[in-house]
Asks: 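Here it is, the structure, as structure tokens.
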Amino acid sequence: QVQLVESGGGLVQAGGSLRLSCAASGRTFSSYAMGWFRQAPGKEREFVATVIWDGGRTYYADSVKGRFTISRDNAKNTVYLQMNSLKPEDTAVYYCAARTAYAGSYSIYNYDYWGQGTQVTVSS
């Protein structure tokens with residue numbers, strides 16, 4: 001069982017930056033691939049980024065590539081999402097998720113544990 005708690009969301013102007021954190025409970029954090037997803041009002045939850053178990057490989061949605069960076073610190077049981085050059089269309093609730101596998105996935109159905117989400121609002 002893994003519990004995930006996101007933090008770092010807030011209100012920011014377009015062009016600004018935020019860093020989201022997701023703290024995981026448990027001693028086997030390094031056994032999980034981690035992902036970030038987001039859900040805007042009236043839209044389906046969508047993939048943002050994923051990182052494999054050791055942080056060695058990362059993958060991004062085209063909409064955030066070059067602006068967002070996912071990373072993890074297994075010693076701290078934490079995964080991060082650094083978001084730069086934010087746009088109003090990035091406004092959403094951001095969720096972190098853990099997958100019981102070494103490799104990540106683009107699909108929400110392949111993740112086993114989810115956090116409660118943190119709101120990110122980008123004003124124009």
Side-chain angles (χ1 to χ4, degrees):
Q1 188 78 12
V2 176
Q3 292 186 329
L4 304 172
V5 179
E6 301 97 334
S7 61
L11 174 63
V12 64
Q13 288 188 331
S17 298
L18 281 175
R19 188 195 196 200
L20 305 183
S21 299
C22 173
S25 65
R27 296 177 292 176
T28 59
F29 178 71
S30 61
S31 299
Y32 298 92
M34 299 298 296
W36 284 98
F37 291 77
R38 66 186 182 186
Q39 188 166 17
K43 295 188 176 181
E44 294 185 350
R45 194 169 298 188
E46 65 175 8
F47 168 76
V48 174
T50 187
V51 59
I52 68 170
W53 69 281
D54 65 353
R57 290 188 180 181
T58 57
Y59 301 91
Y60 299 91
D62 288 343
S63 59
V64 306
K65 202 172 293 183
R67 300 188 298 122
F68 290 10
T69 302
I70 187 172
S71 62
R72 66 188 295 163
D73 185 339
N74 287 347
K76 296 183 178 179
N77 282 13
T78 302
V79 62
Y80 305 97
L81 186 68
Q82 177 66 44
M83 305 186 295
N84 299 328
S85 302
L86 283 161
K87 305 175 181 179
E89 51 263 43
D90 294 318
T91 295
V93 178
Y94 283 71
Y95 299 89
C96 74
R99 182 180 189 220
T100 313
Y102 290 129
S105 172
Y106 303 109
S107 173
I108 63 171
Y109 301 107
N110 290 336
Y111 287 81
D112 303 295
Y113 304 100
W114 292 84
Q116 82 290 347
T118 185
Q119 176 71 47
V120 171
T121 303
V122 184
S123 63
S124 57

Asks: Assess the residue pair Asp90 and Lys87 against the criterion (salt bridge (Lys or Arg N to Asp or Glu O under 4.0 Å)); give the C-alpha distance rounded to whole Å, side-chain angles, the decisive distance to 0.1 Å, and a yes or no.
Replies: CA-CA 5 Å; Asp90 294 318; Lys87 305 175 181 179; over 6 Å; no
Asks: Nearest 0.5 Å, what's the CD-CZ distance between Gln82 and Arg67?
Replies: 12.0 Å
Asks: Working to the nearest 0.5 Å, report the span between CD of Gln13 and OG of Ser123.
Replies: 5.0 Å
Asks: What orientation do Tyr95 and Trp114 show, parallel under 30°, tilted 30 to 60°, or perpendicular over 60°?
Replies: perpendicular
Asks: Tell me the closest heavy-atom pair linking Val79 and Ser71, and the distance in Å.
Replies: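 Closest pair (atom of Val79, atom of Ser71, distance): CG2-O, 3.1 Å.
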Asks: Are Val51 and Phe37 grouped together when hydrophobic residues (ILVMFWY) are joined by side-chain heavy atoms under 4.5 angstrom apart?
Replies: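 No.
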Asks: Write out all pairs satisfying salt bridge (Lys or Arg N to Asp or Glu O under 4.0 Å) with one or both partners inside residues 45-58, taking only residues at least two apart or from two chains.
Replies: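 Of all non-adjacent pairs touching residues 45-58, those that pass salt bridge (Lys or Arg N to Asp or Glu O under 4.0 Å) are Arg38-Glu46.
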Asks: Enter the distance from Arg72:CZ to Ser21:OG here, rounded to the nearest 0.5 Å.
Replies: 14.0 Å
Asks: Quick one: do Val93 and Ile108 end up in the same hydrophobic cluster if we chain Ile, Leu, Val, Met, Phe, Trp and Tyr together by side-chain heavy atoms under 4.5 Å apart?
Replies: yes
Asks: Quick check: closest heavy atoms across Leu18 and Gly8, and the distance to 0.1 Å?
Replies: CD2-O, 3.8 Å
Asks: Please indicate whether Lys43 has more than 12 foreign heavy atoms, meaning atoms of other residues, nucleotides or ligands, lying under 6.0 Å from its NZ.
Replies: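 It does not: Lys43 NZ has 12 such atoms or fewer within range.
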Asks: If you take all heavy atoms of Cys22 and Leu4, which pair is closest and at what distance?
Replies: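 Of all heavy-atom pairs spanning Cys22 and Leu4, the closest is SG-CB, 3.8 Å.
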Asks: State, yes or no, whether a side-chain contact exists between Tyr59 and Ile70 at a heavy-atom distance under 4.5 Å.
Replies: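 No, their side chains stay 4.5 Å or more apart.
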Asks: Write down the atom of Thr50, the atom of Ser105, and the distance for their closest heavy-atom approach.
Replies: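 Shortest heavy-atom contact: OG1-N, 3.9 Å.
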Asks: Would you sort out whether Lys76 and Phe29 count as a side-chain contact (heavy atoms from CB on, under 4.5 Å), showing the intermediate values?
Replies: CA-CA 9 Å; Lys76 296 183 178 179; Phe29 178 71; over 6 Å; no
Asks: Count the heavy atoms belonging to other residues, nucleotides or ligands that lie under 6.0 Å from CD of Gln3, then report whether that count exceeds 12.
Replies: no
Asks: Between Ala40 and Thr91, which heavy-atom pair has the shortest distance, and what is it?
Replies: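 Heavy-atom minimum between the residues: CB-O, 3.7 Å.
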Asks: Within a strict 4.5 Å, meaning less than it, do heavy atoms of the Tyr94 and Thr118 side chains meet?
Replies: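 Yes, close enough: below the 4.5 Å cut-off.
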Asks: Show the nearest heavy-atom pair for residues Ser17 and Ser85, with the distance to one decimal.
Replies: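 The pair with the smallest heavy-atom distance is OG-N, 4.3 Å.
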Asks: To the closest 0.5 Å, what do you measure between CE (Met34) and CZ (Arg99)?
Replies: 13.0 Å
Asks: Picking from Trp36, Tyr60, Phe47, what satisfies ring pair (Phe, Tyr, Trp, His ring centres under 6.0 Å) with Tyr106?
Replies: Phe47
Asks: For Ala92, does its backbone N or O pair with a side-chain atom of Gln39 as donor and acceptor, under 3.5 Å?
Replies: no
Asks: Calculate, to the nearest 0.5 Å, the distance between atoms OH and CZ belonging to Tyr80 and Arg19 respectively.
Replies: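 CZ of Arg19 is found 5.0 Å from OH of Tyr80.
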Asks: Roughly how far, to the nearest 0.5 Å, is the CG atom of Leu20 from the CZ atom of Phe68?
Replies: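 Rounded to the nearest 0.5 Å, the CZ-CG separation comes to 8.0 Å.
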